[in-house]
Amino acid sequence: MRGISPRLVLPKHLHPMFAEQIDGVRADPGFYAAMRLHADATRMAPGFGCDPYYAKHMGDAGNLLIEQVAYFHHLLKEHQDHGAGATLGKLQRAAFIHGFASPRRVTMYVKRIVQVGRMSYSEDARDRRVRRLIPGPGLCTTALRHTRNLTRAAAMLWPGEDLNEHVERDPEYLEALYIAMLGRYLAGADPLRPFADVRHFTSKDAGSYLLGSMIYGCLEHSDKLDPATEFTLSYADAAAACGVSRTHVRNVIEAAEGLGLVTKMGEGGRSVRLTQKMIGSYERYFACLMILVHAAAGDALESLNAG
């Protein structure tokens, strides 16, 4: 990307904050309960009255990142009077550094979400490269719902800190948490970057839904992720929920099988198992995600108390 050195792209090793805590979080008695709660929220997200565009495209973590970063910069400007708000250049930079998308892809995605009303351009500049992007109501709603779901899961790992209570009763805390979480993420604390096995799913339309459905399906029949646990994955239900074709779903699962991430047990892939390789990657990723949320929760309380 012009103006940004490839050396700025984040490495694929664990951020020090994650490396220091990951084993302790994975050993927590509430770890799998938190994982099941988050997986359930992920698979149910397309059914919460969201628009079809969200149901399909938010399964791709790169698209989600673009929207989340836009909302982050919008909150900074509108609520903390910091920065100039969201611009196309800022979204391109974030996607490039985190290894998600080329500048061209970000440009095309922003055009699409402006067309469907999830964002709009302000009128305070003529050049669209520097014009401020304004998140629409749908984008704001889904960004905050995503944050609530993460906090509810983290609250099961740190029950004495009232994380969920703060989020539910104080809208200012929820926004402060969002700002803190994205701020740490953009500073390099990326929980997904090191885990290519997880990114196989989260780089696809409907991929996060499929992954959440499989994690939930496994934990529905077991108290932990176990490669011996067989569960049902309906291609038709996944396609209908996310607005993609059954062929797309089948291709994602078959590619995952080729990578050694899942094992299809029944005809058409309707019964599957997670492999130990996939389980190890997902557990480490989820622990990092929870560490990020917990750290951001502390940042949010500190910022509100200071204010």
Side-chain angles (χ1 to χ4, degrees), residues 38-68 70 91 95 98-102 104-119 136 138-139 141-143 145-146 149 192 195-220 231-275 278 281-282 285:
H38 180 256
D40 191 27
T42 301
R43 75 187 184 98
M44 296 300 291
F48 277 98
C50 64
D51 59 83
Y53 191 89
Y54 174 87
K56 177 179 179 180
H57 294 286
M58 288 307 98
D60 183 327
N63 297 341
L64 182 62
L65 170 68
I66 292 167
E67 294 204 2
Q68 288 181 325
L91 307 188
H98 290 266
F100 276 113
S102 68
R104 177 175 173 79
R105 178 189 159 184
V106 175
T107 300
M108 298 305 297
Y109 184 71
V110 169
K111 286 182 179 179
R112 288 204 302 260
I113 58 179
V114 168
Q115 289 172 352
V116 301
R118 291 184 69 81
M119 283 201 295
L139 188 154
T141 297
T142 51
R145 183 199 303 141
H146 180 71
N149 290 337
L192 181 58
F195 302 108
D197 295 337
V198 179
R199 285 175 70 114
H200 166 74
F201 291 97
T202 61
S203 63
K204 311 288 194 302
D205 284 347
S208 294
Y209 172 91
L210 289 171
L211 183 57
S213 296
M214 291 192 295
I215 297 298
Y216 182 83
C218 188
L219 291 175
E220 191 176 22
F231 54 91
T232 300
L233 177 68
S234 170
Y235 290 6
D237 289 351
C242 298
V244 297
S245 67
R246 282 179 290 181
T247 299
H248 173 77
V249 175
R250 183 174 64 250
N251 289 342
V252 173
I253 298 303
E254 288 183 350
E257 185 179 34
L259 293 171
L261 308 180
V262 302
T263 303
K264 293 190 296 182
M265 306 301 296
E267 182 181 353
R270 294 177 179 85
S271 294
V272 298
R273 292 177 181 172
L274 299 174
T275 66
M278 183 73 231
S281 291
Y282 189 82
Y285 156 70

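Owing to the predicted nature of the structure, the values given are computational and were not obtained by experimental measurement.
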Minimal non-hydrogen separation, [X] against [Y], with atom names:
X    : Y    : result
A239 : V249 : N-CG2, 4.0 Å
L91  : A70  : CD2-N, 3.6 Å
A95  : L65  : CA-CD2, 4.0 Å
L192 : A61  : CD2-CB, 3.9 Å
A206 : C242 : CB-CB, 3.6 Å
Y209 : D237 : OH-O, 4.2 Å

Contact check, side chains of [X] and [Y], non-hydrogen atoms, under 4.5 Å:
X    : Y    : result
Y216 : T42  : no
V272 : T263 : no
L64  : H146 : yes

Going through the distances and angles, do I215 and D40 end up as a side chain to side chain contact (heavy atoms under 4.5 Å, CB included)?
CA-CA 8 Å; I215 297 298; D40 191 27; over 6 Å; no
Test item: side-chain donor near acceptor, N251 and R246, under 3.5 Å
no
Would T142 and R118 count as having a side-chain donor-acceptor pair, cut-off 3.5 Å?
yes
Does Y285 have R199 sitting over its ring (NZ/CZ under 6.0 Å from centre, angle to axis within 45°)?
no
Quick one: does any side-chain atom of H200 pair with a main-chain N or O of L259 as donor and acceptor, under 3.5 Å?
no
